[in-house]
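Just so you know, ligand 1 is whichever comes first in the structure, and atom 1 is the first atom listed for that ligand.
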Amino acid sequence: MFIKKLGLSLLLAVAFLSCEPEAFSPEDTTPFALKLPEGFPAPAIPEDNALTEARVALGKRLFYDPVLSSDSSISCQSCHRQELAFADDRPISPGVQGRLGFRNSPTLANVAYLSRINKDGGVTKLDLQAIVPIEDHAEMDFSILLAAERLNAMPTYEAAFAKAYGEHASPFTITRALGSFMRTMISGHSRYDIAQQGGAPLSAAEARGEMLFFSSRTQCSTCHSGFNFTQNQFLNNGLYLEYEDGGRHRVTLQEEDMGKFRVPTLRNISVTAPYMHDGSLADLRAVVQHYNQGGKGHANQDPRVKPLGLSEQEQSDLIAFLQTLTDTAFLTDEQFR
Ligand code: HEC
Ligand code: HEC
């Protein structure tokens with residue numbers, strides 16, 4: 001599933017290439033103009049993968065094409081669906097032949113801002129991430145080299161790669177094109193944002209929930225903070241006393257990282273159920289109950305997770321606030337289809 005199972009030489013080759021500045025002569029260099037919501041910084045775009053129209057278009061085509069899986073049955077969108085903010089509604093999404101991995105498919109909204117990819121930060125660049133699902137036995141179960149061969153035998157893809165990169169399909173260009181498309185998945189036009197910017201105000205219940213979310217009593221906003229409701233820290237929110245999936249520990253092997261996962265964004269949270277790294281909490285009520293009870297008390301549990309004593313009304317208000325974070329335009333935007 002993770003890096004250690006991938007061909008080391010392949011990874012090294014891709015990582016090596018990634019240090020080079022732009023070395024290609026693409027046929028079409030028309031820049032892609034990212035539209036950023038108010039308050040969003042410009043995401044860092046790697047030097048070797050300037051964002052262009054042709055790259056985004058190619059990445060989009062690859063994202064929806066099952067050609068990247070061994071039996072041509074699974075595409076990226078099988079587990080990352082636009083109407084669900086590019087997440088999935090199943091706790092664990094089946095890959096090739098119905099095989100199951102062990103983590104819940106996350107939203108891809110605002111992945112352009114991640115400095116470490118995956119819930120345990122095991123991948124350091126968005127432009128390398130696509131190798132993981134393509135090669136994972138429980139996901140697309142293919143080899144990126146064979147995928148490149150397959151694509152190079154398809155004339156319309158050959159033309160699209162030439163246009164975008166002036167190159168054939170290769171591990172480098174396939175992953176970069178997918179990275180380019182995913183960088184355009186920026187979401188920041190929720191009802192909460194509109195209210196913040198002086199538009200239609202939140203309802204009384206939603207506004208009470210907002211107060212609770214940003215209160216020192218709940219501390220929600222100290223972990224889920226900033227324009228994307230996360231600072232991308234790895235923390236233990238007390239979900240279990242014993243973790244089957246050690247999260248960050250799988251990468252660092254440090255006991256202090258046991259049960260730590262990247263704090264997820266809360267944008268579009270009402271459409272990305274079920275929740276947590278393993279999809280074990282079915283709905284937002286279960287999430288709020290988890291925090292209200294104060295966590296299971298793992299040694300690494302962050303002290304901010306503690307019994308909150310929220311009344312039924314307060315829990316409902318908090319949920320009402322979380323539901324205002326949905327950006328419905330993002331879920332239906334034709335640009336992503
Ligand atoms: C079988 C389901 C499945 C398929 C197919 C799949 N993914 Fe994922 N994706 C996941 C899961 C599960 C995770 C969480 C992995 C983790 O955190 O270790 C994930 C994580 C990611 C992330 C990291 C997001 C974050 O918040 O760190 C990106 C980016 C991503 N996938 C892109 C893709 C792309 C591109 C493809 C197609 C090449 C793809 N995925 C195919 C299930 C899938
Ligand atoms: C100590 C930091 C911390 C605090 C405080 C905190 N969270 Fe979290 N939150 C996390 C982490 C870490 C995860 C991911 C855990 C996992 O994947 O298993 C998470 C996950 C979530 C999720 C599920 C996201 C998803 O995509 O699955 C929701 C919803 C959520 N928190 C809401 C809240 C609310 C509401 C509060 C306040 C009552 C709160 N959080 C307080 C760290 C925190």
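Near R103, meaning under 4.0 Å from one of its heavy atoms, ligand 1 places the atoms 12 (C), 16 (C), 17 (O), 18 (O). Residue S93 has at least one heavy-atom neighbour below 4.0 Å for each of these atoms of ligand 1: 1 (C), 2 (C). If you number the atoms of ligand 1 from 1 as listed, the ones under 4.0 Å from a heavy atom of C79 come out as 1 (C), 2 (C), 3 (C), 4 (C), 5 (C), 42 (C), 43 (C). Ligand 1 places these atoms under 4.0 Å from at least one heavy atom of L108: 22 (C), 28 (C), 29 (C), 30 (C). For ligand 1 and L114, the ligand atoms under 4.0 Å from any heavy atom of the residue are 25 (C), 26 (O), 27 (O). Listed by number with element, the atoms of ligand 1 under 4.0 Å from a non-hydrogen atom of L126 are 29 (C). Within ligand 1, counting atoms from 1 as listed, the ones closer than 4.0 Å to a heavy atom of K119 are 14 (C), 16 (C), 17 (O). Which parts of ligand 1 touch I117 is read off a 4.0 Å heavy-atom cut-off, strictly below it: atoms 23 (C), 27 (O). Distances below 4.0 Å separate heavy atoms of D302 from the following atoms of ligand 2: 1 (C). Contact atoms of ligand 2 toward Q219: 5 (C) (distance under 4.0 Å to a heavy atom of the residue). Close approach to Y275 involves these atoms of ligand 2, each under 4.0 Å from a residue heavy atom: 23 (C), 25 (C), 27 (O).
Taking a 4.0 Å cut-off on heavy atoms, P94 registers as neighbouring ligand 1. Heavy atoms of P106 approach ligand 1 to within less than 4.0 angstrom. The closest approach between a heavy atom of S105 and any atom of ligand 1 is below 4.0 Å. Residue-ligand proximity: D88 is placed with every non-hydrogen atom at 4.0 Å or more from ligand 1. By the 4.0 Å heavy-atom criterion, R262 is counted among the residues contacting ligand 1.
Put simply, the side chain of R191 never gets that close to the backbone of T326: no donor and acceptor are under 3.5 Å apart. Remark: the backbone N or O of P41 is paired with a side-chain donor or acceptor of Y113 at under 3.5 angstrom. For the pair N152 (side chain) and A148 (backbone), a donor-acceptor distance under 3.5 Å is present. The closest donor-acceptor contact from the side chain of D141 to the backbone of S70 lies at 3.5 Å or more, if one exists at all. Checked by atom type and distance alone, the side chain of T107 pairs as donor or acceptor with a backbone atom of A85 at under 3.5 Å. Checking side-chain atoms of H290 against main-chain N and O of N237 turns up a donor-acceptor pair under 3.5 Å. Side chain of E135 to main chain of I144: a donor-acceptor pair is present (N/O by atom type, distance under 3.5 Å, no hydrogens or angles). T218 places a side-chain N or O within 3.5 Å of a backbone atom of L212 that can act as its donor or acceptor partner. Between the N228 side chain and the T230 main chain, no donor and acceptor come within less than 3.5 Å of each other.
The heavy atom nearest to atom 22 (C) of ligand 1, out of those in M182, E135, Q129, E139, is found in Q129.
No salt bridge links R176 with E167; every basic N to acidic carboxylate O contact stays at or beyond 4.0 Å. By the 4.0 Å N-to-carboxylate-O rule, D327 lies too far from R267 to be salt-bridged with it.
Shown are the protein N/O/S atoms under 2.8 Å from atom 8 (Fe) of ligand 2, given by residue and atom: H224 NE2, Y291 OH.
Around atom CD of E38, no more than 12 heavy atoms belonging to other residues, nucleotides or ligands sit under 6.0 Å away.
The two residues A177 and Y165 make their nearest non-hydrogen contact at N-OH, 3.1 Å.
Of the heavy atoms in I74, only side-chain atoms (C-beta onward) come closer than 4.0 Å to ligand 1. Residue contacts with ligand 1 for P133 involve side-chain atoms from C-beta outward but no N, CA, C or O (heavy atoms, distance under 4.0 Å). With a heavy-atom cut-off of 4.0 Å, D278 does not touch ligand 2 at all.
Residue C76 does not count as close to atom 8 (Fe) of ligand 1, with no N, O or S atom under 2.8 Å.
By the 30° and 60° cut-offs, the orientation of the rings of F63 relative to H80 is tilted. Note: F336 and F86 have perpendicular aromatic rings, judged against thresholds of 30 and 60 degrees for the angle between ring planes.
When only interatomic distances are considered, the shortest N/O to N/O separation between N118 and ligand 1 falls below 3.5 Å. In terms of N/O distances under 3.5 Å, ligand 2 is approached by M276. Below 3.5 Å of separation, one finds no N or O of N104 facing any N or O of ligand 1. Between S75 and ligand 1, no pair of N/O atoms sits closer than 3.5 Å.
For atom 16 (C) of ligand 2, the nearest protein heavy atom (residue, atom name, distance) is H277 N, 3.4 Å. The shortest contact between atom 26 (O) of ligand 2 and any protein heavy atom is with I269 CD1, 3.7 Å. In terms of protein heavy atoms, atom 12 (C) of ligand 2 is closest to L235 O, 3.3 Å.
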- Task: Could you go through the side-chain hydrogen bond (donor to acceptor under 3.5 Å, both in side chains) check for S316 and R285 one step at a time?
- Result: CA-CA 8 Å; S316 300; R285 186 152 292 277; 3.1 Å; yes
- Residues D245, K119; criterion salt bridge (Lys or Arg N to Asp or Glu O under 4.0 Å); working and verdict: CA-CA 11 Å; D245 175 353; K119 298 170 200 276; over 6 Å; no
- Report the C-alpha distance between S187 and N268 in whole Å, list the side-chain angles of each, state the deciding distance to 0.1 Å, and finish with yes or no for side-chain hydrogen bond (donor to acceptor under 3.5 Å, both in side chains). CA-CA 8 Å; S187 172; N268 302 299; 3.1 Å; yes
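Across F227, F213, F321, a single residue satisfies ring pair (Phe, Tyr, Trp, His ring centres under 6.0 Å) together with Y192, and that is F321.
Remark: R61 qualifies as a cation-pi partner of Y157 under the 6.0 Å distance and 45° angle criteria applied to the six-membered ring.
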